[in-house]
Number of protein chains: 2
Amino acid sequence: MTVIAQRTPKRHVMRNAILDAARAIVLRHGFDALSMRKIADVIGYSPASLYLHFEGRDAIAHALCAEGHAQLMDALRSVDPAATPAGRLTEMAHAYVAFARDHPQIYQLIFMENSAYTAAAMGHAGSDGATTLSMLGDPLTALCTEEKRPAAAEILWAALHGIASLSLTASAFIGTPVDALVDHALAPYLANTAIGRTARRRSSGRSA
Amino acid sequence: MTVIAQRTPKRHVMRNAILDAARAIVLRHGFDALSMRKIADVIGYSPASLYLHFEGRDAIAHALCAEGHAQLMDALRSVDPAATPAGRLTEMAHAYVAFARDHPQIYQLIFMENSAYTAAAMGHAGSDGATTLSMLGDPLTALCTEEKRPAAAEILWAALHGIASLSLTASAFIGTPVDALVDHALAPYLANTAIGRTARRRSSGRSA
DNA sequence: GTCTATAATTTGATAGAC
DNA sequence: GTCTATCAAATTATAGAC
């Protein structure tokens, strides 16, 4: 932690510069537009230099996946831990689709591209072992029987992903507001927790 | 219909040959692998000839979208029209996810690539005006109040798409069988139609 | 560590002969 | 309608100088 850690001082700096540039390109023009040359241009290095820090384009994509997933986990973690399980679940669900709406290219990279990228995102699983499923499973522990919880988390995740994902590719055909869809997906879990009204209030007061 | 229709006899033939080749490439190696040259190689024509029949790669992709969506509509239409609304809804939902499982590259092209391709698929909307939403809405007419039907169709579609889509990219993280997830998504609509047992039976007896 | 230079491909698309 | 030939560009990745 004192001397050894400084053995390669600039390694992280350069790596981060590459990832910053890559992230910017993906955010602006989508993942297909990501290339080694464009990254090199952005950071003012030659393309050859990138290979000193990453094996290739795919390794950078994998890193972006892990990073994006961690970002999503942070968003889910930002819910008020003092709230009731039902409240936390509601917050989390809305935060999930909001993340997809606010970072569509990242969301698409992580969950809509292919199973390798999804695995790169979930496999790494943040700095701890958190995944979308475990995050949703947490507030569900109080709302489901022990037995039904794993399946419940997957069911809810699938519902939220369906909403988030269709809102990116098929928004022209979805007339119902996204937050109303989310509230509907949550309804079975909140049936008699008297938080229905809260959920309904959230639906109205949301913007970009 | 007699003379005029024969004015351009081979037009459709060539067009179909191109689409057949394009479809084969997408099915085998995914949409990213689709290029004008590869199509030309497959059909034994020069790349230049393709431009006589399609504006470019994107036009071919659009045609594949429309075709793929029509194929999905056919799958949904193949449910027994004599069955009860609840039965038809159940059949349709399972047919939907089965289509995604059996034609993952096509499903991804239509619903997971971008909104332009989704619009190209849904906008065309088969030979009639059918879309995923209207197909699901049909059996729902008998199971929902008139008012709730449009939203119900979108909610169900989102749930099914979430299941289908995650089963393609995140299957490693989904432990619950796909058909069980579908049955769960259907449950609210089938609450008291006594078809729950039928749905449960379907879940066990499915294969590729 | 970084650069220059470049190899080796692949791409979409077009001009013009036939 | 189809082909040959080709353009103009982009891509990943590497070799070797510094």
Side-chain angles (χ1 to χ4, degrees), chain A residues 4-65 105 109 113-114 116-117 120, chain B residues 3-65 105 108-109 113-114 116-117 120:
Chain A
I4 298 175
Q6 218 177 6
R7 195 179 34 145
T8 51
K10 298 294 176 68
R11 259 234 135 75
H12 281 16
V13 175
M14 180 65 167
R15 238 188 99 96
N16 284 339
I18 292 172
L19 289 181
D20 286 348
R23 195 183 323 112
I25 292 168
V26 170
L27 288 177
R28 258 181 146 11
H29 307 102
F31 173 66
D32 286 354
L34 186 68
S35 78
M36 301 299 269
R37 252 187 161 74
K38 285 177 191 157
I39 297 172
D41 285 351
V42 169
I43 64 177
Y45 278 66
S46 88
S49 295
L50 305 191
Y51 293 90
L52 275 307
H53 301 88
F54 287 96
E55 272 194 354
R57 185 190 116 112
D58 226 49
I60 296 178
H62 277 50
L64 280 184
C65 286
Q105 312 282 16
L109 173 64
E113 204 70 33
N114 63 57
Y117 287 167
Chain B
V3 182
I4 297 175
Q6 219 176 5
R7 196 179 32 144
T8 51
K10 299 293 177 68
R11 258 237 137 71
H12 280 17
V13 175
M14 180 63 166
R15 239 188 97 96
N16 284 339
I18 292 171
L19 289 181
D20 286 347
R23 195 183 324 112
I25 292 167
V26 170
L27 288 177
R28 257 181 143 19
H29 307 100
F31 173 66
D32 285 354
L34 186 69
S35 78
M36 300 300 269
R37 258 190 157 80
K38 284 176 191 158
I39 297 172
D41 285 350
V42 170
I43 63 177
Y45 279 66
S46 87
S49 295
L50 305 191
Y51 292 90
L52 275 308
H53 301 88
F54 286 95
E55 272 194 354
R57 184 191 117 114
D58 226 50
I60 296 178
H62 276 52
L64 280 184
C65 286
Q105 310 283 16
Q108 183 160 10
L109 173 64
E113 204 69 32
N114 63 56
Y117 288 167

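None of the values given here were measured: they were computed from a predicted structure. Every chain is numbered from 1, with letters handed out A, B, ... down the list of sequences. Only this structure's heavy atoms are used, side chains among them; waters, hydrogens and symmetry mates stay out.
- In terms of heavy-atom proximity, A:L109 sits nearest to A:A61 at CD2-O, 4.4 Å.
- Contacts between residues 17-32 of chain A and DNA chain D, defined by a heavy-atom separation under 4.0 Å, are absent.
- Whole-Å rounding puts the B:L52 CG to C:dA15 P distance at 13 Å.
- Evaluation of the ring pair (Phe, Tyr, Trp, His ring centres under 6.0 Å) test over residues 33-52 of chain A, restricted to residues two or more places apart or in two chains, returns none.
- The side-chain contact (heavy atoms from CB on, under 4.5 Å) search around A:N114 returns A:A116, A:Y117, not counting sequence neighbours.
- Screening residues 41-64 of chain B for salt bridge (charged side-chain N to carboxylate O under 4.0 Å, His left out) gives no qualifying pairs among residues at least two apart or on separate chains.
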For nucleotides 4-11 of chain C, 5' to 3', base contacts (B), sugar-phosphate-only contacts (S) and non-contacts (-) with protein non-hydrogen atoms under 4.0 Å give B------B

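- Legend: residues meeting side-chain contact (heavy atoms from CB on, under 4.5 Å) with B:L27, ordered by chain and number and at least two apart, are B:R23, B:I106.
- Contact between B:I39 and B:I25 at its shortest, heavy atoms only, is N-CD1, 3.7 Å.
- The side-chain contact (heavy atoms from CB on, under 4.5 Å) search around B:F54 returns B:R15, B:I18, B:L19, B:A59, B:I60, B:A63, not counting sequence neighbours.
- A close approach under 4.0 Å does occur between a side-chain nitrogen or oxygen of A:S49 and OP1 or OP2 of C:dC3.
- For A:D32, the side-chain contact (heavy atoms from CB on, under 4.5 Å) partners two or more places apart in sequence, or in a different chain, are A:E113.
- Remark: P of C:dG1 and CD1 of A:I43 are 14 Å apart, rounded to the nearest angstrom.
- The CZ atom of A:F54 sits 13 Å away from the P atom of D:dA13 (whole-angstrom rounding).
- Closest approach to the B:Y51 side chain among C:dG1, D:dT2, C:dT14 is made by C:dT14 (side chain taken as heavy atoms from C-beta onward).
- Taking atom OH of residue A:Y45 and atom C1' of nucleotide C:dC3, one finds them 11 Å apart after rounding to whole Å.
- The side chain of B:H53 contributes an N or O atom lying less than 4.0 Å from OP1 or OP2 of D:dT2.
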